[in-house]
Protein chains: 2
Amino acid sequence: MTTLAPSKSEQAYELLHERIAKGELVPGYRLVLGTIAAELGCSTVPVREAIRRLEAEGLVTFERNIGATVAAVDAELYLHTMETLAVIEGAATALAAPLLSAVDMAEARAINAELRRCLEDFDPPRFTQLNDRFHAVLYERCPNPHILDLVHRGWNRLNAMRASSFSHIPGRARSSVEEHEQLLDLIDAGASTSEVEKAARAHRTNTLNAYLAADGMPPSPL
Amino acid sequence: MTTLAPSKSEQAYELLHERIAKGELVPGYRLVLGTIAAELGCSTVPVREAIRRLEAEGLVTFERNIGATVAAVDAELYLHTMETLAVIEGAATALAAPLLSAVDMAEARAINAELRRCLEDFDPPRFTQLNDRFHAVLYERCPNPHILDLVHRGWNRLNAMRASSFSHIPGRARSSVEEHEQLLDLIDAGASTSEVEKAARAHRTNTLNAYLAADGMPPSPL
DNA sequence: AAGTACGAAATCGTATACGATCTATCATCG
DNA sequence: CGATGATAGATCGTATACGATTTCGTACTT
C-alpha cells in the first residue's frame with residue numbers, strides 16, 4: 001500500500017498557509033482563484049476549498065462574488081488576537097503543567113538558555129522561532145484537544161500577522177526570558193493549576209500591555 | 001438593488017448546521033455529498049464547501065476519499081468542550097461585564113426570572129433556550145471579536161452535542177439559576193474583571209464537575 | 001466454514017464549461 | 001467639467017462529467 005498523494009486542495013492549503021505565515025502574501029493581498037489554480041496546475045475547485053479553510057482560521061477573508069484577500073491586520077486586531085491567546089494558552093499551559101515530564105522540563109530550560117544567548121547575539125528571527133518552540137513544549141501536553149487546537153490557531157494567526165512587521169518593544173525580549181524561567185520554577189515547585197494559569201497568562205498580557213502602553217492605551221483588564 | 005439570494009453553499013451550510021443542532025442528524029451519521037446535493041437541488045461542489053465549513057467548526061469530520069460524518073460525541077469530547085467553553089466564556093463575560101448597560105442587566109434579570117418559573121413548570125427545552133439567551137446577554141458585549149467568535153463556536157458544538165441527549169444532572173438546573181443571580185449581583189456590585197471571570201467560569205465548571213462526578217471522575221483542575 | 005480474490009456499485013476528487021456578478025473603462029448627457 | 005449609464009473584461013459560483021478510490025457482495029479456494 002503506497003501512501004496516498006496529498007490532494008490538490010491540501011496542496012493549495014499548504015502553499016497559501018505557508019506563504020501567508022512567511023509574509024510573502026501581505027495582508028490585503030488579493031487571492032485570485034484562477035491565478036492560484038494555474039500556478040498549482042489544478043482547477044479552481046480545490047483552491048476554493050483551501051481558501052475556505054484559511055477563512056475558517058481567520059487568515060483570509062472571502063466575500064461573495066468579490067473574492068478572497070489576505071486578512072488585513074490593524075493594531076486592534078493584532079492586540080485582540082494576543083489577548084485571546086493569553087486566555088487560551090494560559091489555560092492550555094495550566095492543564096499541561098501537571099503532565100510535563102522531567103524531559104519536557106529539561107527541554108524547556110535548554111530552549112530558554114538558547115533564548116538567553118540569542119539576546120546577546122541579537123538574532124530576532126531565531127529568537128522568535130525558539131520562543132514559539134518554548135511555548136509549544138509547555139502547552140503541547142494539554143489533555144484537552146479543543147484547547148490545544150485553539151492555541152495552534154492562535155499562533156497561526158499571530159505568526160501570519162507578525163510577518164507584517166509589528167515594531168518590537170525594546171527590552172521586552174529580555175523580560176520575556178526571565179518570565180520563562182519563573183514559569184518553569186513555578187511548575188517545578190508544583191504550583192496549583194490556577195497559579196500556573198495566572199503566570200502563563202500574565203506572561204502574554206505583559207507583552208500585550210507593553211504594546212497597549214506604547215499606543216497610550218489602557219492595559220487589558222484580563 | 002435587490003438583496004442577493006444566498007449562495008447554494010450558504011444554503012447547504014445552514015441546512016446541515018440546523019439539522020445537526022436540532023439533533024435530526026445524529027453523531028456518526030454519514031453525510032453523502034450526492035444525496036445532500038440532490039435534496040437541495042444543486043451540485044456537489046457547494047455541498048463540499050459547506051461540509052468543509054462544518055468541519056472547521058468541529059461539527060463534522062471529513063476524511064479523504066471516505067466522506068463526511070456528523071462528529072461522533074463521546075462523554076470525553078463533550079466534557080472537553082464544556083471545559084473549553086468555561087475558559088472562553090469566562091473571559092468573554094468578564095470583558096463584557098463593564099460594558100453592560102442597565103437595560104442589559106434588566107434583561108438578564110428578567111430572563112433569569114423566567115428560568116426560575118421554568119423550574120416550577122418543568123419545561124426543559126424552554127429552560128435550555130432561555131439559558132442560552134441569558135448567557136448571550138452577558139457575553140455579547142465582549143469587545144474582543146475573536147473571543148466572541150470562539151464562544152459562539154463553543155455553543156454551537158455544545159448544542160449539537162446536547163441534542164444527542166446527555167442525561168441531565170438532577171438539581172443542577174436549580175443551582176444554575178441561583179448562580180446566575182449571584183453573577184448578576186457581582187457585576188452590579190462592580191466586581192473586578194478577574195472576579196467576574198472566576199464566577200462565570202465556575203458557573204460552567206460546576207456543571208462540568210457534576211458530570212465528571214457522576215462518572216466517578218476527578219473534577220477539572222480549572 | 002473461514003478466508004481470499006475479484007468485480008460491480010457507490011462515492012469521492014477535480015477538470016472543464018458557462019452563466020452570474022462585479023469592476024473598470026469610456027461615451028453620453030446635463 | 002462632472003455625473004450618469006452602457007459596455008467589455010475579469011472573476012466568481014456552480015452544473016456537469018469522468019477518472020480515482022473505496023466499499024461491498026459474490027464466487028472461489030483451502
Integer-rounded Å distance: [N] [atom2] and [X] [atom1]:
X       : N      : atom1 : atom2 : value
A:Asn65 : C:dC22 : CG    : P     : 5 Å
B:Glu10 : D:dG13 : CD    : P     : 10 Å
B:Ile36 : D:dT14 : CD1   : C1'   : 16 Å
A:Lys8  : C:dA15 : NZ    : C1'   : 10 Å
B:Glu63 : C:dT11 : CD    : C1'   : 14 Å
A:Ile66 : C:dT23 : CD1   : C1'   : 9 Å

Using a heavy-atom cut-off of 4.0 Å across all strands, would you classify B:Leu40 as base, sugar-phosphate, or nothing?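 Answer is nothing: B:Leu40 stays at 4.0 Å or more from every strand.
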
Which residues in residues 41-55 of chain B have at least one heavy atom lying under 4.0 Å from any atom of DNA chain D?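 Heavy-atom cutoff 4.0 Å gives B:Cys42, B:Ser43, B:Val45, B:Pro46.
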
Any pair counted as ring pair (Phe, Tyr, Trp, His ring centres under 6.0 Å), so long as it reaches residues 30-77 of chain B, sequence neighbours left out: none

Please, which pairs that meet side chain to side chain donor-acceptor pair (under 3.5 Å) have at least one residue in residues 28-45 of chain B, sequence neighbours excluded?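 Non-adjacent pairs meeting side chain to side chain donor-acceptor pair (under 3.5 Å): B:Arg19-B:Glu39.
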
Please tell me which of the listed nucleotides, D:dC12, D:dT22, C:dT11, lies nearest to the side chain of B:Arg30?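 The answer is C:dT11.
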
Which of these nucleotides, D:dG13, C:dG13, C:dC12, is closest to any side-chain atom of A:Phe62?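 My answer, after comparing the listed nucleotides, is D:dG13.
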
Mark yes or no for whether A:Asn131, through its side chain, and A:Phe127, through its backbone, hold a donor-acceptor pair below 3.5 Å. no

Tell me every residue that passes side chain to side chain donor-acceptor pair (under 3.5 Å) with A:Asp123, counting only those two or more places apart in sequence or in another chain.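 For A:Asp123 there are no side chain to side chain donor-acceptor pair (under 3.5 Å) partners, ignoring immediate neighbours.
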
Residues two or more places apart in sequence or in another chain: which of them pass side chain to side chain donor-acceptor pair (under 3.5 Å) with B:Asp149? B:Arg153

According to ring-ring contact (aromatic ring centres under 6.0 Å, His included), who are the partners of A:His146, at least two apart in sequence or on a separate chain? none

